[in-house]
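This report concerns only the one structure given below.
Residue numbers begin at 1 in each chain, while the letters A, B, ... track the order of the sequences.
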Amino acid sequence: MKKLEDENKIIERVKRGDKKAFEPIVKFYMKRAYNIALGFVHNEQDALDISQEAFIKAFRGLKKFDTKKDFFPYFYQIIKRLCFDYTKKKKREGFKTNNFFNVVYNPNGNNRFKEALSEAINKLEPEQKELIILRYIEGFSYEELSRLLGKPIGTIMSSLFYIKKKLKEELEGGV
Amino acid sequence: MNSEHKKIKALLLPYLEGKLEEEERRKVEEHLKVCKECREEIKKYENIEEGLKMMKLKQPSEEVWDNYWSSVYNRLERKIGWIFFSIGAIILLFFGVYQFIDELIKDPTTPLVVKIGILLLSFGGVVLFVSILREQLFSKKRERYEEVEK
Ligand SMILES: [Zn+2]
């Protein structure tokens with residue numbers, strides 16, 4: 001898992017109330033935060049907004065943070081919770097999903113494959129999208145995913161296999 | 001052959017990721033030589049894998065990223081700013097309203113009905129204010145509790 005250099009030292013400083021010291025942390029994790037939020041909320045503007053809110057919450061909670069631990073797993077819990085609150089609220093209002101996945105791979109020289117695949121990904125369940133984003137956009141290994149999500153490696157692996165099978169079936173039905 | 005085919009088909013994904021034991025891996029390779037269907041299946045999975053690897057998510061403009069930190073920083077500051085601003089505003093508001101009411105009530109030309117109306121109005125206002133304040137404080141406390149709970 002890519003981690004910021006000297007992260008623990010920086011967090012020590014933030015814990016002492018140095019707001020400006022938080023800058024490298026935010027800059028290092030902002031894109032990851034946005035991608036993760038996008039996977040849950042399906043809306044660019046709201047994903048951006050939630051990611052910022054998560055940093056503010058994380059900042060306020062840092063006082064009680066154990067500096068021996070990594071920042072990201074802590075942050076991940078915060079942002080995921082904000083996303084769940086958001087989707088719960090949105091579901092009551094009628095939640096519409098827009099496709100934010102952009103597959104550029106084009107094996108047969110026509111655009112059908114990439115369009116069909118990005119549509120198929122968009123149809124996945126939220127936890128499946130979460131896994132896809134963490135694995136393929138953020139490049140987490142099975143082991144890192146297992147630690148982050150608190151599930152055995154075997155479960156993570158078979159979930160990903162299941163997702164790919166589902167994608168394949170979706171493609172066979174559609175193309 | 002057919003049951004072998006089914007067994008191998010289920011192993012294709014782990015095979016592609018190099019997660020099979022030597023013996024199973026060899027079995028899959030042997031089968032692939034003779035089974036066109038499984039070869040096509042593997043091709044499909046490879047395409048999906050490649051597609052996923054090259055997938056991108058819609059991103060905001062570079063400008064948004066350039067301003068991201070200052071926007072977070074401002075929001076952090078703003079929270080503190082808001083607290084001071086609200087306290088100040090409340091003090092001024094109360095003082096202004098108090099003076100206004102005081103003047104009207106002391107003025108002998110103000111009709112009695114208006115005086116009673118003003119008293120009821122300001123009493124209601126105070127009750128409302130306290131109730132909103134209590135609700136705010138309560139929800140803050142609960143929020144903090146939820147954070148600890150995590
Ligand atoms: Zn076969």
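With hydrogens and angles ignored, the 3.5 Å screen pairs no side-chain donor or acceptor of B/Thr110 with any backbone N or O of B/Lys115. Within the 3.5 Å criterion, the main-chain N or O of A/Gly39 finds no donor-acceptor partner in the side chain of A/Lys129. Judged by distance alone, the side chain of B/Ser131 and the main-chain N or O of B/Val127 form no donor-acceptor pair under 3.5 Å. At least one donor-acceptor pair under 3.5 Å links the side chain of A/Asn43 to the backbone N or O of A/Asp46.
Residue contact with chain B, scored on non-hydrogen atoms closer than 4.5 Å, involves the side chain of A/Ile133 exclusively. Heavy atoms of A/Glu23 lying under 4.5 Å from chain B belong to its backbone as well as its side chain. The part of A/Leu117 that comes within reach of chain B is its side chain, from C-beta onward, which places non-hydrogen atoms under 4.5 angstrom from that chain. For A/Phe101, the parts lying near chain B are the backbone and the side chain together; criterion is any non-hydrogen pair under 4.5 Å. When heavy atoms are compared at a cutoff of 4.5 Å, B/Tyr73 approaches chain A solely by way of its side chain, counted from C-beta outward.
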Could you pull out every donor-acceptor pair under 3.5 Å between side chains of residues 116-126 of chain B and any protein atom, sequence neighbours left out?
from, atom 1, to, atom 2, distance (Å)
B/Ser122, OG, B/Ile118, O, 2.8
B/Ser122, OG, B/Leu119, O, 3.1

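Aromatic ring pairs are classed by plane angle as parallel below 30°, tilted from 30° to 60° and perpendicular above 60°; the pair B/Tyr68 and A/Phe55 is perpendicular. Between B/Phe85 and B/Trp82, the angle of the ring planes goes over 60°, which puts this pair in the perpendicular group of the 30/60° scheme. Under the 30°/60° scheme for interplanar angles, the aromatic rings of A/Tyr74 and A/Phe65 are found to be tilted.
With rounding to the nearest 0.5 Å, the separation of OG in A/Ser146 from CD1 in A/Ile153 is 5.0 Å. Between the CG atom of A/Leu48 and the OG atom of B/Ser71 there is a distance of 7.5 Å, given to the nearest 0.5 Å.
The shortest non-hydrogen separation linking A/Ser51 to A/Ile79 is CA-CD1, 3.9 Å.
Residues from residues 87-98 of chain B never place a non-hydrogen atom less than 4.5 Å from a non-hydrogen atom of chain A. Residues of residues 9-28 of chain B that come closer than 4.5 Å to chain A, counting heavy atoms only, are B/Leu13, B/Pro14, B/Glu17, B/Lys19, ordered by residue number. Contacts with chain A (heavy atom to heavy atom, under 4.5 Å) involve these residues of residues 38-60 of chain B, listed by number: B/Glu41, B/Lys44, B/Tyr45, B/Asn47, B/Ile48, B/Glu49, B/Glu50, B/Gly51, B/Leu52, B/Lys53, B/Met54, B/Met55, B/Lys56, B/Leu57, B/Lys58, B/Gln59, B/Pro60.
Contact tally against chain B (heavy-atom pairs below 4.5 Å) for A/Gln45, A/Lys114, A/Lys27, A/Lys19: the top residue is A/Lys19. Across A/Gln52, A/Glu53, A/Lys164, the residue that shares the most heavy-atom pairs under 4.5 angstrom with chain B is A/Gln52.
Aromatic ring centres of A/Tyr86 and A/Phe40 lie farther apart than the 6.0 Å criterion allows.
Neither side chain, A/Lys90 nor A/His42, offers a donor N or O lying under 3.5 Å from an acceptor on the other.
We find that B/Lys33 and B/Glu30 are joined by a salt bridge, their nearest charged nitrogen and carboxylate oxygen being less than 4.0 Å apart. The pair B/Arg75-A/Asp49 counts as a salt bridge, with a side-chain nitrogen and a carboxylate oxygen less than 4.0 angstrom apart.
By the 6.0 Å and 45° rule, A/Arg135 stacks over the aromatic ring of A/Tyr142.
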